[in-house]
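Keep in mind it's a predicted model, so treat the numbers as computed, not measured.
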Amino acid sequence: MLSHRVEPDRASPLAAAIDAYNAGEFETAFRRFTRLANAGDAEAATWLGALYAHGEGVEASLAKAFEHYLVGAEAGMPMAQTNVGAMLVMGQGVGRDIAEGARWLARSAEQGDLYAQYNLATLYAKGEGIERDDAAAAGWYRRAAEAGHYPSQARLGYIYANGVGVEKDLVQAYLWLSLAAQHGIGAALSALEAIVTQMSAPEKNRAAAEVERWRGRTREVSRHARLMPIPG
């Protein structure tokens, strides 16, 4: 469930709690995580946040989920920081504060969390609650796209196709839309078809070569954030 974390010692109390969770023994997991969190274990607190968010082993409470995620976030855990940021942006379990949410997303994004990078890019692209910055949006979409995040690849392709925050580049647009389309993102396929009609033969050849080069570099990313990505 958690990304960017150190694997616990398999004989540790934390590992036992995680094992209970993975076995579907949510009430047992909740009790174990609670004991550890009360003793100051920030990773256990982050797991508790997930249990409260989804009502696993305990009555669902977004407010309590936020409270526990915040403990993990303040301890430097990227996933917790991403969820704190997303909850602040959406006003889930806490008063809405987009600027503060963006700051938490930025902390996680800098540590390489793809969902934080994508959501932060979306905030910059929209300019809602923070100043719009198309160049920053393009940069964060690219970091996530290069790591294999398919929605970011689709957004980056659109950005290059339209020259938003970057110089318009049909070869780059074709590259990123192709990588996204091969993983079932329908909007990317539709955009790709429109791009092809605008490209010269040399551009198509360069684009095809770029797709082959990047296909081997972008790892398949299938992890899912515990909260829905920021809409848009």
Side-chain angles (χ1 to χ4, degrees), residues 1-10 12 14-15 17-18 21-22 29 33 36-37 39-54 56 62-94 96-125 129-130 133 136-153 155-156 217-232:
M1 182 188 74
L2 296 179
S3 61
H4 298 279
R5 65 179 177 85
V6 177
E7 284 295 323
D9 180 342
R10 298 318 303 169
S12 72
L14 179 62
I18 294 172
Y21 178 89
N22 289 334
F33 284 131
L36 292 167
D41 189 318
E43 186 168 354
T46 300
W47 279 87
L48 273 181
L51 292 176
Y52 274 113
H54 299 280
E56 296 170 328
L62 288 177
K64 289 183 178 179
F66 179 84
E67 175 186 334
H68 286 90
Y69 279 138
L70 185 60
V71 173
E74 290 177 339
M77 296 184 175
M79 179 191 169
Q81 292 173 342
T82 296
N83 283 337
V84 164
M87 293 178 84
L88 281 163
V89 167
M90 293 184 286
Q92 291 189 345
V94 64
R96 194 178 191 203
D97 188 336
I98 298 177
E100 180 65 12
R103 283 191 283 272
W104 280 110
L105 289 172
R107 293 186 191 184
S108 183
E110 290 288 359
Q111 295 188 69
D113 188 273
L114 303 184
Y115 304 102
Q117 292 171 353
Y118 174 79
N119 287 340
L120 184 59
T122 300
L123 287 180
Y124 277 124
I130 62 173
D133 188 333
W140 285 115
Y141 279 135
R142 186 172 187 102
R143 283 184 62 169
E146 289 182 348
H149 186 249
Y150 313 145
S152 292
Q153 291 172 345
R155 291 290 182 92
L156 188 59
R217 291 179 58 182
T218 52
R219 67 179 183 272
E220 293 197 3
V221 176
S222 58
R223 292 172 298 168
H224 296 284
R226 296 293 288 180
L227 293 176
M228 292 297 291
I230 296 170

Closest approach of A37 and A44, non-hydrogen atoms and distance?
N-CB, 3.8 Å
Quick check: closest heavy atoms across A42 and A75, and the distance to 0.1 Å?
CB-CB, 3.5 Å
Near-ring test Y118/W140, centroid separation under 6.0 angstrom:
no
Nearest-0.5 Å distance that lies between atom CG in L36 and atom CG in L14
6.0 Å
Within-4.5 Å side-chain heavy-atom neighbours: E110 and S108
no
Can you name the ring-ring contact (aromatic ring centres under 6.0 Å, His included) partners of Y124, sequence neighbours left out?
none
Report the C-alpha distance between T46 and V71 in whole Å, list the side-chain angles of each, state the deciding distance to 0.1 Å, and finish with yes or no for side-chain contact (heavy atoms from CB on, under 4.5 Å).
CA-CA 7 Å; T46 300; V71 173; over 6 Å; no
Hydrogens and angles aside, do E56 and Y21 bring a side-chain donor and acceptor to less than 3.5 Å of each other?
yes
Hey, what do you get for CG (L120) to CG (D113), rounding to the nearest 0.5 Å?
11.0 Å
Do you know which two heavy atoms are closest between L123 and A102, and how far apart they sit?
CD1-CB, 3.9 Å
Euclidean distance, L105 CG relative to N119 CG, rounded to 0.5 Å:
6.0 Å
Report the C-alpha distance between Y69 and T82 in whole Å, list the side-chain angles of each, state the deciding distance to 0.1 Å, and finish with yes or no for side-chain hydrogen bond (donor to acceptor under 3.5 Å, both in side chains).
CA-CA 9 Å; Y69 279 138; T82 296; over 6 Å; no
Test side-chain contact (heavy atoms from CB on, under 4.5 Å) applied to L156 and E146, R142, R143, the passing residue
R142
Which residues pass the side chain to side chain contact (heavy atoms under 4.5 Å, CB included) test with E74, not counting sequence neighbours?
L70, W104
Nearest heavy atoms of S152 and A145, plus distance in Å
CB-N, 3.7 Å
What is the distance from atom CG of L62 to atom CZ of F66, rounded to the nearest 0.5 Å?
11.0 Å
Spacing of CE belonging to M90 relative to CD1 belonging to I98, to within rounding of 0.5 Å:
11.0 Å
Does R96 reach the main-chain N or O of V89 with its side chain, forming a donor-acceptor pair under 3.5 Å?
yes
Given 3.5 Å as the limit, does a donor-acceptor pair link the side chain of H68 with the main chain of K64, or not?
yes
Between L88 and G101, which heavy-atom pair has the shortest distance, and what is it?
CB-CA, 3.7 Å
Are E43 and M77 side-chain neighbours, meaning at least one heavy-atom pair lies under 4.5 Å?
yes
Heavy atoms of P78 and Q111 approach each other most closely as CG-OE1, 3.5 Å
